[in-house]
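Heavy atoms only: backbone and side chains are in, while hydrogens, waters and symmetry mates are out. Both ligands and their constituent atoms are indexed starting at 1 by order of listing.
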Amino acid sequence: MSKKIQAIRGMNDLLPEQSPVWQYLEGTVKEVLASFGYDEIRMPIVEQTALFKRSIGEVTDIVEKEMYTFEDRNGDSLTLRPEGTASCVRACEEHGLLYNQTQRLWYTGPMFRHERPQKGRYRQFHQIGVETFGIASADIDAEVILLTARLWAMLGLTDAVTLQLNTLGSNDARARYRDALVEYLTQHLDQLDEDSQRRLHSNPLRVLDSKDANTQAILANAPQLHDYLDDDSREHFARLRSILDAAGVSYEINQRLVRGLDYYCKTVFEWVTDKLGAQGTVCAGGRYDGLVEQLGGKPTPAVGFAMGVERLVLLLETLERIPSAVLHTVDVYLCAVGDGTDQAALLLANQLRDEALGLRVLTHCGGGSFKSQLKKADKSGARFALILGDSELSAGTIVIKDLRVDGEQVTLAQADVAAWLNEQLYS
Ligand code: ATP
Ligand code: MG
């Protein structure tokens, strides 16, 4: 026997028993997005490598070591997208969607990063992303945050996540802060951890992220980002905070929150949970006013975020916040026992689907004993088994057995079943 081929490490199959939770999450997100009037955009999974290098930044973790980059048959350098923002900007520019208009967009799909796989961190993972374009004022920053807050409320997760908020200031302000930080950290170079020493010149703001205790101690006396802010960013941040306050969304200001990517300015935020161990960020985003221009377009203000679908599913499961109805995918299991009942069962199932809108009917196929069919009915999670045997077939009736209440059974004319089920299931 030849060796079985297995999936690639860090790239997961989504099994049938897991899909209902994914569908519930995705369905809820889509409902919230629709209620805010956001439109869907779908981009390819593969782009030119240069797109990500130019947007995310050469010295970020993603571009330095996480991208799946390969040469295609023409010798072009292509990359499996590690995130959606760059592709979204590319697509909008290419199709003129940013010309004299605003956009509020969302997308979902797989992203690819070559990281060390662990709980909540995979090599193929899924994001739902939102990007808005053309609005410079803080009300849109507030809107995207309110959108996420509404989502947590609908998912019953409000108590499980907290909002971390920061402002990075304008690009100039950040550059001035960067210089001050580098100057300070250089004086303490030998006390910094190895990663931070390396980042000190390539991407110094990332040193603020360091988990190393010694580095943290040094950072305690480092210059503070907020002392370097420009007036415009200060006012923008104050406006955002006052809207969030008025809306009752609480947050923590975290001056160390700088995000990994190059393109952010002004607002950055993360929703984090302490229920998932080290992979606690479930949603992250911010303002990126410079990116469109950096990719060859006109200067265009923009705000967006992306949430990690796997981490949100894990959170829903860990906290058992999944409504029980979500896990029930079948209402009725239709058993067909005896010659010729298979055909009648398929037709009856269709009749029920016509008459009882939304009814989920699983029809038994493949014959077998009454006992084995009833076992399958039970396992399907259906509330009712409908039993079509020889005598029911000739009488035009059906036996209905309540699978969740012992001994409950009725016989009805087939014409009356849909109304009866409607009454039982939906009233
Ligand atoms: P982290 O600090 O956890 O590596 P990040 O800053 O690299 O996150 P973003 O690029 O901001 O992550 O992506 C947005 C969200 O996508 C994250 O907050 C997280 O929920 C999810 N995410 C990112 N990388 C992964 C991954 N490898 N596996 C699963 N989810 C991920
Ligand atoms: Mg990362």
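For atom 18 (O) of ligand 1, the nearest non-hydrogen atom from the set Leu312, Thr281, Leu276 comes from Thr281. When the options Arg116, Glu270, Arg121 are ranked by their closest heavy atom to atom 2 (O) of ligand 1, first place goes to Arg121.
Arg256 and Gln216 form a side-chain donor-acceptor contact under 3.5 Å, judged by distance and modelled atom types alone. Thr69 and Thr79 share a donor-acceptor pair across their side chains, judged by distance under 3.5 Å alone. Between the side chains of Glu131 and Thr85, at least one donor N or O sits under 3.5 Å from an acceptor N or O.
When each atom of ligand 1 is checked for a heavy atom of Arg113 under 4.0 Å away, the hits are 5 (P), 7 (O), 9 (P), 10 (O), 12 (O), 13 (O), 23 (C), 24 (N). Close contacts of ligand 1 with Arg259, meaning ligand atoms under 4.0 Å from a residue heavy atom, involve 6 (O), 9 (P), 11 (O). Applying the 4.0 Å criterion to heavy atoms of Ala306 picks out, from ligand 1, the atoms 14 (C), 15 (C). Atoms of ligand 1 found under 4.0 Å from any heavy atom of Val282, numbered from 1 in the order shown, are 20 (O).
Of the polar atoms of Glu310, none of the N or O atoms is found under 3.5 Å from an N or O of ligand 1, judged by distance alone.
The closest donor-acceptor contact from the side chain of Thr273 to the backbone of Ala160 lies under 3.5 Å.
Only the side chain of Arg311 comes within 4.0 Å of ligand 1, judged by heavy-atom distances. Contact annotation: for Gln127 versus ligand 1, heavy atoms closer than 4.0 Å belong to the side chain alone.
When each of Asp402, Asp331, Asp378 is checked for a salt bridge (charged side-chain N to carboxylate O under 4.0 Å, His left out) with Arg383, only Asp402 meets the rule.
A salt bridge does not link Asp195 with Arg206: none of the charged nitrogens is closer than 4.0 Å to a carboxylate oxygen. Taking 4.0 Å as the cut-off between side-chain N and carboxylate O, Glu270 and Arg259 count as a salt-bridged pair.
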